[in-house]
Amino acid sequence: MVPILAWRNLWRNPTRTLVLIGAIALGVWAALFMTGFATGMIKSYINNAIDQVTSHVQIHHPKYALDQDVRFTLDQPEKYLARIQENEAVKAAAVRTLANGMISSAKGARGIKVKGIDPADEAALTGLDQRIVEGTFLEGKRKNEILISRSMAEKLRAKIRTKLVLNLQDLQGEITPAAFRVVGIFHTGNKPFDEAHVFVSRKDLNLLLTHTGEVTAGVDEIGHEIAILLQDASQADQVKADLQGAGGKVETYREISPDLELYESQMSFVSIIYLSIIMLALTFGIVNTMLMAVLERIRELGMLMGIGMNKAKVFFMIMLEAIFLGLVAAPAGLLLGISTIYFLGKYGLDLSMYSDSLEMYGMSSIVYFDVPMKVYWQIPVFVGGTAILAALYPAYKAISLRPVEAIRKL
Amino acid sequence: MDVIKTKGVTKIYNPDKIPVYALNGVDLLIEEGEFTAIVGPSGSGKTTLLNIIGGLDRPSGGAVMVHGQNIAELSDNQLIDFRKDYIGFVFQAYNLIPVLTAQENVEFVMLLQKRSKTERQQRVAELMDAVGLSDKMDRRPSELSGGQQQRVAVARALAPKPTFILADEPTANLDSKSTENLLDIMTRLNKEENMTFVFSTHDQRVIDRARRVVTLVDGEISKDERRD
Ligand SMILES: Nc1ncnc2c1ncn2[C@@H]1O[C@H](COP(=O)(O)OP(=O)(O)OP(=O)(O)O)[C@@H](O)[C@H]1O
Ligand SMILES: [Mg+2]
């Protein structure tokens with residue numbers, strides 16, 4: 001009986017009820033939209049970082065992380081690579097030779113990190129070959145080919161076929177200059193990354209690093225890093241455990257780049273923040289409407305208590321009116337929000353207008369909306385909680401009426 | 001059996017500010033099956049007395065026994081339950097729940113009492129018939145005339161089989177034809193179901209049909225007349 005009464009009471013003033021339902025639904029939609037946007041941005045940042053910079057798992061010489069000294073090479077990386085590639089969870093893996101140095105053209109010089117890559121492996125791992133905007137990928141047609149980024153090209157005023165000089169410290173600690181020719185210009189969309197890296201073939205780099213030494217055997221074997229891309233990011237810890245003792249220190253992307261872990265953890269509460277803000281604003285609307293609904297029914301509420309409806313039932317009735325409000329509004333907002341997220345998740349929101357600043361932070365210019373699954377239970381909980389909280393005072397107001405006074409106000 | 005017994009009931013409104021002495025020692029005994037009108041000039045305390053008898057308000061002094069229960073001993077919540085089970089109310093206006101149909105209004109208190117569905121349906125049909133509104137079962141109050149609304153209110157008051165029915169000026173908003181009609185129904189229910197009625201009124205035609213007339217003046221009973 002009380003639920004029927006509450007439901008019908010809700011529709012006594014349909015306009016007012018619909019306005020409030022609309023406001024709550026819009027709030028739910030906005031929370032979903034903002035969560036979808038923020039989660040999409042964060043995921044794009046994390047994915048870009050994983051795709052281009054960290055991969056999911058990396059292996060280095062245990063001391064390499066300390067000062068990135070070229071001498072801390074991995075022991076027989078090729079052998080481990082073969083073993084790693086057999087792991088079911090591994091999608092792609094590649095060995096890299098790394099060196100810090102200086103690149104210079106006639107117009108200027110910059111400090112950079114040189115990545116010596118096996119082109120085919122790297123293409124499979126990071127898709128670098130897809131990022132070439134001018135020229136070609138490393139094709140190995142000639143010796144000492146180099147890939148530089150578009151922003152680096154601008155800074156060095158270099159073009160395809162421009163000759164650049166790399167100065168590196170070799171394994172003997174000697175500074176070794178070498179001439180490289182630009183064959184391709186890449187653009188990953190991650191500005192900090194682009195400005196700090198150049199790519200050469202690992203074979204060329206290994207030769208350069210052993211330039212002054214007697215090392216001749218096993219030159220091809222030199223490598224500092226094995227980067228591994230997995231089928232799924234969630235397997236990172238498992239794979240790390242599997243590869244433990246594979247001849248080096250194994251780290252997941254969270255360990256390599258702690259900011260990624262921070263962002264990942266942020267993703268789990270952005271929705272709560274947005275929901276809290278929006279629901280707080282809605283609370284005032286619900287309190288106001290419910291209070292109005294109680295005050296304009298003083299006589300009727302007095303009559304109800306007069307003829308024997310007890311305070312618990314009256315209280316429950318007012319609460320139910322607010323809960324029903326939420327029960328209608330939340331699904332409406334969810335439906336609206338889910339369709340928006342679905343659409344913007346599939347086609348993305350194009351923010352090319354701001355792509356320069358987005359790239360500065362390593363994010364893509366198209367944001368694909370995404371919401372964590374748990375948002376779908378957070379929303380009903382928040383809307384329900386808000387409705388209940390907002391109805392408490394009006395319901396209390398209703399039961400503190402004395403029937404005789406209410407009835408007398410004829 | 002006494003259904004209502006008051007002893008030296010007083011009521012002072014605003015005792016702290018400007019006190020209003022609404023009742024000044026009312027002794028009243030009402031027995032089962034009576035059909036009593038409380039009359040008196042405006043402000044004489046009729047509504048105050050009915051509210052106190054009905055447990056809607058508490059007296060400032062004196063004792064009220066209803067259905068053998070001293071209602072001063074009941075908490076506010078117990079009073080609500082007491083009213084639900086023992087007292088039927090017909091107010092002057094705003095009697096009915098606007099979002100419920102006539103039959104749902106009649107059924108309402110029985111639902112609060114958790115009566116069975118068959119019992120409720122039977123009683124509703126019987127009472128809607130008794131008040132001559134069998135054809136208006138599914139109308140909402142706003143779709144009924146003032147007289148019809150008061151008849152639904154009488155049916156609603158009777159539905160839970162209370163010990164007595166209190167009605168404060170039930171005909172005040174009705175035209176003479178509706179007044180006659182309502183009184184016919186009340187009289188018949190009084191006779192057929194032996195239902196005790198206590199009502200206040202200003203209307204001479206209503207007073208004429210009462211079997212007992214209690215006159216209040218300045219919060220005291222000045223005349224108590226039986227016409228059997
Ligand atoms: N809530 C109240 N606060 C203060 N005074 C009140 C209150 N209710 C009633 N009174 C006063 O108590 C006295 C009795 O009022 P009551 O309503 O019982 O009279 P009544 O006989 O029903 O009058 P009427 O015929 O006009 O309905 C009046 O003087 C009235 O002004
Ligand atoms: Mg009165």
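All figures in this text were calculated on a predicted structure; none of them were measured in a lab. Lettering follows sequence order; numbering is per chain, from 1. Because only heavy atoms are used, hydrogens play no part in the values below, and waters and symmetry mates are left out as well, while side chains stay in.
- The residue from E300(A), R299(A), R297(A) that alone fulfils the side-chain hydrogen bond (donor to acceptor under 3.5 Å, both in side chains) condition with Y94(B) is R299(A).
- Of the charged side-chain nitrogens involved, none lies within less than 4.0 Å of a carboxylate oxygen, so that R140(B) and E143(B) do not count as a salt-bridged pair.
- Using a 4.5 Å cut-off between heavy atoms, E104(B) touches chain A through its side chain atoms alone.
- In terms of non-hydrogen atom pairs under 4.5 Å with chain A, the most contact-rich of I87(B), D76(B), L100(B) is L100(B).
- Between V106(B) and M128(B), the closest side-chain pair of non-hydrogen atoms falls below 4.5 Å.
- There is no contact between D168(B) and chain A, counting heavy-atom distances below 4.5 Å.
- In this model, no donor atom of one side chain and acceptor atom of the other lie less than 3.5 Å apart for D218(B) and Y21(B).
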